[in-house]
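The structure appears below as C-alpha cells.
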Amino acid sequence: MEEAKSQSLEEDFEGQATHTGPKGVINDWRKFKLESEDGDSVPPRKKEILRQMSSPQSRDDKDSKERFSRKMSIQEYELIHQDKEDENSLRKYRRQCMQDMHQKLSFGPRYGFVYELETGEQFLETIEKEQKITTIVVHIYEDGIKGCDALNSSFTCLAAEYPIVKFCKIKASNTGAGDRFSSDVLPTLLVYKGGELISNFISVTEQFAEEFFAGDVESFLNEYGLLPEREIHALDQTNMEEDTE
C-alpha cells in the first residue's frame, strides 16, 4: 500500500518536474526560448513551432511519436532557414548603413558617368550652376580628330573611378564658339571649379604616346593636382567577404 502511494507521489512529482536528461534539457530550452521571446517580435509561425517543439507528445504512442519526430525535424529545418533569412536581412541592413555613411562622408554630389553637353547654353549652365566644391573636367572634341575617341573612352573609365568629379564632353561645333576650337587645338581639356577656369590644355593628346589609356590621362591630371584621391572601394570588399560567408 505504501509502495503504491510512494509510486503515485513520484508520478505526480515527475508530472510537474522539469525535464531531465539530454532530450529534457533541449525541451526545457525550447520552452524557455518561447517564454523569453518578445511576443511582438516573434512571427506567429515561429512562435507556434517553438511551442510545439517544447511540448512533445506522449511516449506511449509510438506512431504519434514518429510522426511528431518527422514533423519536428521539418519545423526545426524551417526555423533554421528562417534564422538564416534573418541573418541575410541583417547583413543587407548593415551594408545599406555603410553605404549611407559612405555617401555622407563623401561631401558633395556623385556622378559616375560622362555627361554629353549638347549646346553652348548647356555648357555654360553646367559650369555656372554646379556646386562650388565640384571639379568639372570638359573634353572639347570633334568626330574624326585623332585622339578624341581615345580620350572619350578614358573619360568613361575615369568617371567611374572618380564619381565626385563631373566629367563632360561637348563637340566643338556645338559650343557656339567653333572658330575658337579649330581642329588644330583639339582635343582640348578645360577644368573648372566654383565657376572658374582653373586649367586648360589644348591639343592635349600631344602629351601622351601614340596609343594611350585612362591611366595615362589620370597620371597627367594628377600631375597638376586636378583629381582628388581615388576612393578605396572598401564597401565592395566588404560585400565580397559577406557573400563568401
Side-chain angles (χ1 to χ4, degrees), residues 94-143 145 147-183 185-208 212-239:
R94 183 176 63 180
R95 185 182 304 175
Q96 183 62 48
C97 289
M98 291 180 64
Q99 290 174 341
D100 292 342
M101 181 178 66
H102 188 72
Q103 177 82 13
K104 292 178 181 178
L105 294 176
S106 295
F107 300 109
R110 301 172 70 82
Y111 309 99
F113 61 92
V114 180
Y115 290 77
E116 177 77 45
L117 307 178
E118 302 290 347
T119 64
E121 289 77 11
Q122 191 177 2
F123 172 80
L124 293 175
E125 184 176 345
T126 298
I127 302 306
E128 293 174 354
K129 294 187 177 182
E130 193 55 72
Q131 295 190 22
K132 292 183 178 181
I133 61 173
T134 299
T135 299
I136 305 171
V137 185
V138 183
H139 174 209
I140 299 179
Y141 73 102
E142 201 64 69
D143 293 334
I145 301 296
C148 287
D149 287 342
L151 195 53
N152 279 335
S153 297
S154 297
F155 263 40
T156 300
C157 296
L158 293 177
E161 293 290 339
Y162 297 90
I164 63 174
V165 176
K166 189 170 186 176
F167 288 87
C168 305
K169 62 181 181 179
I170 184 172
K171 287 186 176 182
S173 55
N174 291 338
T175 61
D179 55 332
R180 297 179 55 186
F181 297 107
S182 64
S183 59
V185 299
L186 298 181
T188 292
L189 286 186
L190 305 178
V191 185
Y192 295 86
K193 193 168 187 177
E196 300 292 335
L197 179 67
I198 59 176
S199 291
N200 67 311
F201 307 96
I202 62 172
S203 301
V204 67
T205 51
E206 294 180 358
Q207 306 295 325
F208 309 133
F212 65 92
F213 302 95
D216 302 308
V217 180
E218 178 184 25
S219 298
F220 175 77
L221 293 174
N222 276 327
E223 286 180 9
Y224 291 89
L226 298 174
L227 294 177
E229 291 186 8
R230 183 187 298 183
E231 294 185 358
I232 300 175
H233 301 290
L235 289 177
D236 293 339
Q237 182 64 30
T238 300
N239 294 345

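Just so it is clear, the values below take in all heavy atoms, side chains as well, and ignore hydrogens, waters and symmetry mates.
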Going by atom type alone, with no hydrogens or angles, which donor-acceptor pairs under 3.5 Å involve a side-chain atom of residues 216-226 and a protein atom two or more places apart or on another chain?
{"unit_1": "Asp216", "atom_1": "OD2", "unit_2": "Phe213", "atom_2": "N", "d": "2.8"}
{"unit_1": "Glu218", "atom_1": "OE1", "unit_2": "Arg230", "atom_2": "NH2", "d": "2.8"}
{"unit_1": "Glu218", "atom_1": "OE2", "unit_2": "Tyr162", "atom_2": "OH", "d": "2.3"}
{"unit_1": "Glu218", "atom_1": "OE2", "unit_2": "Arg230", "atom_2": "NE", "d": "3.4"}
{"unit_1": "Glu218", "atom_1": "OE2", "unit_2": "Arg230", "atom_2": "NH2", "d": "2.5"}
{"unit_1": "Ser219", "atom_1": "OG", "unit_2": "Gly215", "atom_2": "O", "d": "3.0"}
{"unit_1": "Asn222", "atom_1": "ND2", "unit_2": "Glu218", "atom_2": "O", "d": "3.3"}

Taken to the nearest 0.5 Å, the spacing of Phe212 CZ from Leu151 CG works out to 5.0 Å
Can you see which heavy atom on [X] is nearest to which on [Y], and at what distance?
| X | Y | value |
| --- | --- | --- |
| Lys193 | Ile198 | CB-CD1, 4.1 Å |
| Ala214 | Leu158 | O-CD2, 3.9 Å |
| Thr188 | Ser203 | OG1-N, 4.2 Å |
| Leu186 | Ala172 | CD1-CB, 4.0 Å |
| Ile170 | Thr119 | CD1-O, 3.6 Å |
| Leu197 | Val191 | CD1-O, 3.4 Å |

Is any side-chain heavy atom of [Y] closer than 4.5 Å to one of [X]?
| X | Y | answer |
| --- | --- | --- |
| Phe155 | Val137 | yes |
| Phe181 | Thr175 | yes |
| Thr135 | Pro228 | no |

Residue pairs involving residues 163-174 (criterion side chain to side chain donor-acceptor pair (under 3.5 Å); sequence neighbours excluded):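 Every pair satisfying side chain to side chain donor-acceptor pair (under 3.5 Å) with a residue in residues 163-174: Glu130-Lys166, Glu142-Ser173, Asp143-Lys171.
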Between Phe113 and Tyr115, is a ring pair (Phe, Tyr, Trp, His ring centres under 6.0 Å) present by the stated rule, with each step listed? CA-CA 7 Å; Phe113 61 92; Tyr115 290 77; 4.4 Å; yes
Can you establish whether the number of heavy atoms outside Leu124 located under 6.0 Å from its atom CG is more than 12? yes
Of the options Val204, Leu190, Leu189, Val114, which is the one that meets His139 in a side chain to side chain contact (heavy atoms under 4.5 Å, CB included)? Leu189
